Amino acid sequence: MLLARLLNPVVTTGAFDIIDADGHAHRVGKGTPTLALRLHDKAVQRDLVINPRMRFGEAYMDGRLSIDGGTMYDFLDVLCSGPENVQGVLGTIQEALGPMLRVAQQHNPLKRSRKNVAHHYDLSREFFALFLDRDMQYSCAYFPTPETSLDDAQEAKKRHIASKLLLRPGMRVLDIGCGWGGMALYLARTTGADVTGITLSTEQLAVARERAAKAGLSDRVRFELRDYRLMGGTFDRIVSVGMFEHVGKPHYGAFFAKVRELLADDGVALLHAIGRSDGPGATNPWMRKYIFPGGYSPALSEVIPAVEKAGLWSTDVEILRLHYAETLRHWRERFLARWDEAKAMYDERFCRMWELYLAGSEIAFRYQGHMVFQVQLARSVTAVPMTRDYMVNTERALLHPTPVAVPQPVDNEPRRHAS
């Protein structure tokens with residue numbers, strides 16, 4: 001079986017059987033397998049050889065292949081945990097051309113950006129609530145210890161980011177890609193900041209505004225349906241968490257130029273995004289089609305030149321390695337536990353798609369060089385202290401916050417907002 005022969009060299013940490021449509025088993029790897037990849041029709045075998053990175057996901061979604069003896073994650077763990085690159089072994093001409101095609105794939109003008117965001121983020125809040133933490137944080141959590149719960153790790157992520165922003169009461173903050181509003185509400189509540197959050201998702205906008213009103217923070221936190229390219233005004237601080245992956249490399253120059261334009265002379269920005277450690281690449285074609293159209297996780301070698309060209313300082317860079325793998329493990333386990341509820345909202349094919357997305361993403365962070373970077377940016381070299389002690393001190397202080405006294409505007413000095 002050609003597929004088994006192609007896979008055999010890369011499976012070095014376990015074994016599985018491929019059971020073809022006639023019921024014959026073909027061993028891949030060494031040892032006694034506990035898992036089997038079952039192909040339910042003969043065309044699947046051909047499809048997996050010709051275009052595996054697209055057809056594998058589609059066949060699983062359609063029920064044309066299944067996993068015996070375990071979950072999709074269990075299978076991918078055996079397939080991908082060895083030192084060999086399974087994607088390289090199963091590469092196709094189309095995938096080899098990926099880096100050259102990505103200019104077109106990542107071209108995200110305003111109209112396309114809104115459509116891409118709606119594809120994923122306009123799913124119902126009830127669906128995301130099935131597996132996210134109580135604050136609806138849909139980005140990498142921060143695990144101080146392996147035992148930290150998902151809720152506590154997401155709270156720690158917000159503290160960690162806030163510690164790099166040097167916030168004071170009354171500061172004007174822009175949250176680019178605000179999600180369901182959790183970060184903006186946290187910054188306003190714990191630091192007394194005045195926050196504007198922007199999103200392209202109508203569903204997220206409705207939830208964020210509802211949450212602000214319920215928290216009694218609508219006077220200090222506002223949310224808008226707006227693209228970052230259309231923002232005006234000046235902000236003391238800018239934060240963007242989990243949005244940069246949707247910008248697209250052709251637009252990095254415009255993104256950082258806009259950050260510089262919006263940032264006060266002594267302002268500070270914090271960019272939190274998924275990256276790759278092995279240099280520039282291309283988005284998995286199945287992921288690009290079904291999960292994140294127009295999305296791309298860049299190497300830092302693609303990001304920092306755009307920062308420099310925009311005239312910004314990279315005042316601090318931190319790499320979070322396995323934190324997202326652990327975040328995805330929590331999401332995957334919680335999603336599988338509530339599969340029937342997700343199926344009632346959508347259907348079985350949708351659930352298989354999301355299982356593969358969550359499992360495949362976790363594998364990417366555990367074995368395939370994906371990570372998260374946090375880059376602190378400033379217009380001025382003196383915008384932040386010379387040492388990082390302030391981050392640790394602030395993070396510890398936020399563990400036990402005290403009520404923040406918010407300065408009130410006086411009659412002759414009206415509060416300034418973004419235009």
Side-chain angles (χ1 to χ4, degrees), residues 35 38 56-77 117-143 146-158 179-183 185 199 201-208 210-211 214 241-242 245 274 284 286-287 289-292 295 322-366 370:
L35 296 168
R38 184 176 294 275
F56 178 84
E58 291 182 334
Y60 185 66
M61 290 162 59
D62 295 336
R64 298 173 62 212
L65 66 79
S66 58
I67 311 299
D68 294 349
T71 65
M72 174 56 70
Y73 178 82
D74 298 330
F75 172 74
L76 293 177
D77 186 53
V117 166
H119 176 89
H120 190 90
Y121 295 97
D122 279 351
L123 296 172
S124 72
R125 73 182 81 180
E126 292 80 11
F127 169 72
F128 285 103
L130 293 178
F131 61 92
L132 297 183
D133 66 300
R134 59 176 173 255
D135 195 45
M136 299 283 284
Q137 290 291 306
Y138 191 33
S139 59
C140 177
Y142 186 74
F143 290 84
E147 296 75 30
T148 302
S149 70
L150 179 62
D151 284 326
D152 290 344
Q154 291 291 12
E155 196 73 7
K157 183 266 298 294
K158 289 176 285 187
W180 293 278
M183 178 62 71
L185 295 169
T199 178
S201 167
T202 55
E203 178 70 15
Q204 288 186 333
L205 178 69
V207 174
E210 179 183 302
R211 294 181 68 191
K214 187 174 181 179
V241 180
E245 301 89 326
I274 297 171
N284 175 283
W286 179 86
M287 189 78 74
K289 178 177 179 179
Y290 290 100
I291 306 298
F292 292 122
L322 291 172
H323 291 269
Y324 217 156
E326 287 303 300
T327 304
L328 284 154
R329 176 179 65 83
H330 282 276
W331 289 350
R332 175 175 55 83
E333 291 173 351
R334 290 156 75 111
F335 176 78
L336 292 178
R338 304 185 71 175
W339 180 285
D340 289 342
E341 294 172 74
K343 180 180 175 181
M345 294 178 188
Y346 296 98
D347 58 28
E348 185 79 17
R349 187 175 189 269
F350 176 90
C351 290
R352 290 197 196 103
M353 178 179 72
W354 268 75
E355 180 194 6
L356 179 56
Y357 154 53
L358 294 172
S361 296
E362 182 179 345
I363 291 294
F365 283 93
R366 290 202 187 279
H370 275 53

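Fair warning: this is a prediction, and the values are worked out from it, not measured in the lab.
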Residue of the set Tyr142, Phe365, Phe143 for which ring pair (Phe, Tyr, Trp, His ring centres under 6.0 Å) holds with Tyr324: Phe365

Using the ring of each side chain (for Trp, its six-membered ring), is His120 parallel, tilted or perpendicular to Phe128, with breaks at 30° and 60°? tilted

Within the 4.5 Å heavy-atom criterion, are [X] and [Y] side-chain neighbours or not?
X	Y	value
Leu185	Arg211	yes
Tyr357	Phe335	no
Thr327	Gln154	yes
Tyr121	Thr199	no
Met287	Ser361	yes

Apply the test ring-ring contact (aromatic ring centres under 6.0 Å, His included) to residues Tyr60 and Phe75: give CA-CA distance (whole Å), side-chain angles for both, the deciding distance (0.1 Å), then the verdict. CA-CA 12 Å; Tyr60 185 66; Phe75 172 74; 9.4 Å; no

For a side-chain contact (heavy atoms from CB on, under 4.5 Å) check, start with the C-alpha distance between Met353 and Ile291, then their side-chain angles and the critical distance, and finish with the verdict. CA-CA 9 Å; Met353 178 179 72; Ile291 306 298; 3.9 Å; yes

Could you tell me the separation between the [atom1] atom of [X] and the [atom2] atom of [Y], rounded to the nearest 0.5 Å?
X	Y	atom1	atom2	result
Leu322	Leu328	CG	CG	11.5 Å
Leu65	Met72	CG	CE	6.0 Å
Asp133	Trp331	CG	CH2	8.5 Å
Cys140	His370	SG	NE2	12.5 Å
Leu35	Ile67	CG	CD1	7.5 Å
Met345	Arg338	CE	CZ	7.5 Å

Heavy-atom closest pair, residues [X] and [Y]:
X	Y	result
Arg125	Ala206	NH2-CB, 4.4 Å
Leu132	Leu150	C-CD2, 4.3 Å
Lys157	Ser139	NZ-OG, 2.7 Å
Thr71	Glu355	CB-OE2, 4.2 Å
Ile363	Leu76	CG1-CB, 3.7 Å

Suppose we call two aromatic rings close when their centres sit under 6.0 Å apart. Are Phe131 and Trp354 close by that rule? yes

Evaluate salt bridge (charged side-chain N to carboxylate O under 4.0 Å, His left out) for Glu58 paired with Arg349, printing each intermediate quantity in order. CA-CA 9 Å; Glu58 291 182 334; Arg349 187 175 189 269; over 6 Å; no

Quick one: does any side-chain atom of Asn284 pair with a main-chain N or O of Trp286 as donor and acceptor, under 3.5 Å? yes

Just do the salt bridge (charged side-chain N to carboxylate O under 4.0 Å, His left out) check on Glu210 and Lys214 with the steps written out, would you? CA-CA 6 Å; Glu210 179 183 302; Lys214 187 174 181 179; over 6 Å; no

Show the numbers, then the answer: is there a side-chain contact (heavy atoms from CB on, under 4.5 Å) between Leu356 and Met61? CA-CA 9 Å; Leu356 179 56; Met61 290 162 59; 5.6 Å; no

The test is side-chain contact (heavy atoms from CB on, under 4.5 Å); show your working for Leu336 and Tyr73 and say whether it passes. CA-CA 11 Å; Leu336 292 178; Tyr73 178 82; over 6 Å; no

Evaluate salt bridge (charged side-chain N to carboxylate O under 4.0 Å, His left out) for Arg329 paired with Glu326, printing each intermediate quantity in order. CA-CA 5 Å; Arg329 176 179 65 83; Glu326 287 303 300; 2.9 Å; yes

